[in-house]
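All remarks here apply to the structure that follows.
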Amino acid sequence: MADTFPISMAILDWIERTIDVHSLSPKYIEMFYMWKNKKAEPTFTQLSDFSKHSYIPFGYLFMKEPPEENVELIEHRTINSIEFEKPSRNFMDTYHSMQAIQDWMEEYLEDNDVPKLEFVAKFAKNPDTQEIVDYMRNALDLTDTSFIEAKKSEEFNSIRKKISDLGVIVMQNGIVGNNTHRPLDLHEFRGFALLNDRAPLIFINGTDSVSGKVFALLHEFAHILMGVDDLLNQDSQTYFGIKKEETIANAAAAEIILPKNVFRKAWSQKSGRMSSAEKIKSIADQFDNNEMLVARKAFDNKLISKNDYELITKSILKNLNKKRSSGGNFYRNQKTKLDSNFVIALNESVSNGETSYMDAFRLTNTTNKTFPAIVDAFSGGSL
């Protein structure tokens, strides 16, 4: 008879609070409640299988007390964001992996005497929307019409590289690591920013639309300039009662993408027979923009009422998380996920014997075969 390894009741209670047990397959639901009701004790193989299917880290199942997974970002969720009281394992695992990358990069830069970044928290004391907009345009070499006629996919890649070259680690993914069975939920979060004066990090949810990712990237960069960690979810852009820094980051990103004077002119040119929702969609299509951004511009410019704004954004949100293809070339996909300067620094550290290959593989979700290919892909040009 196989040896059994009982799970403490404290861990079982924590699992029930942490994940939706009933979303598992019937086999694992039954297994869990047999343990919970003390009708059976798990074998090593059962614990391993349960860990893989529930995404609860294997080591956690042997602990006596629940792990402390304090996520400061949750404190930065918007006031109305009730859904994020219980973050998913997909978010938690993504967050922890980004923390590991940031910690490694900070230590690497410090060891190489790279100075702290002056722009981090530059506007912390008295954040002003227009000053932040002016600074971002200058730092990213943008004009007030840079986004008007440009393709958003080209602008996203261009802005991402410019922000990365300033010293910000910019990561992107639509799944947890390389696991296509673990998609990131756009309704849960669109991106986040982790503050650090040497290695600030921005993570973009890759399931978002291109225009949505452009907004998220600029929004999170504004937060770094204000010196505030951020968790960007749908509440951050749609609801009222959000924090001052969130309002400023929204306004700054929106102004860079679609300047007020351009927006008001476009609105006035739309037919009076069109409803507000139709005008918003038409302007979003005209400038290849996110409808949510255009709706907020309309409200901020007093062109629609608060009630209309809430009804329109509620309708937009229904189509927010459309399923997108996750296929394509593995190396090309990896290149879009990783920050180029981080990969180059990591490879240099590995080559110098300062970082082990195993740590490099862990940080980049690669192997001894794929890591060199990823490095070659970045060495061959920009994102």
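- For the pair Arg182 and Asp93, the salt-bridge criterion is met [side-chain N within less than 4.0 Å of a carboxylate O].
- Among residues at least two apart or in separate chains, ring pair (Phe, Tyr, Trp, His ring centres under 6.0 Å) pairs with a member in residues 249-275 are Phe263-Trp267.
- The aromatic rings of Trp104 and Tyr108 sit parallel to each other, their planes meeting at less than 30°, with 60° as the upper class boundary.
- Side-chain atoms of Ser164 and Asn341 include a donor-acceptor pair closer than 3.5 Å.
- Under the side chain to side chain donor-acceptor pair (under 3.5 Å) test applied with Lys337, the options Thr364, Asn365, Asn178 reduce to a single match, Asn178.
- A salt bridge links Asp208 with Arg190: the distance from a Lys NZ or Arg NE/NH1/NH2 to an Asp or Glu carboxylate oxygen falls below 4.0 Å.
- In summary, the aromatic rings of Tyr28 and Tyr33 are positioned with their centroids too far apart to meet the 6.0 Å limit.
- Ring geometry for Phe91 versus Tyr95: interplanar angle under 30°, hence parallel rather than tilted (30 to 60°).
- Between Phe62 and Phe5, the angle of the ring planes goes over 60°, which puts this pair in the perpendicular group of the 30/60° scheme.
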Go through the steps to decide whether Asp185 and Asn90 satisfy the test side-chain hydrogen bond (donor to acceptor under 3.5 Å, both in side chains), and finish with yes or no.
-> CA-CA 8 Å; Asp185 185 356; Asn90 288 352; over 6 Å; no

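- The aromatic rings of Trp35 and Phe50 lie perpendicular to each other, with more than 60° between the two planes, well past the 30° mark.
- The residues Lys297 and Glu255 are annotated as salt-bridged, a charged nitrogen and a carboxylate oxygen being separated by less than 4.0 angstrom.
- Ion pairing between a basic and an acidic side chain is recognised when a charged N comes within 4.0 Å of a carboxylate O; Asp13 and Arg17 show no such pairing.
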Could you walk me through whether Ser48 and Thr45 pass the side-chain hydrogen bond (donor to acceptor under 3.5 Å, both in side chains) check?
-> CA-CA 5 Å; Ser48 178; Thr45 299; over 6 Å; no

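- Contact check on Glu16 versus Lys36 returns a salt bridge, with a Lys/Arg side-chain nitrogen under 4.0 Å from an Asp/Glu carboxylate oxygen.
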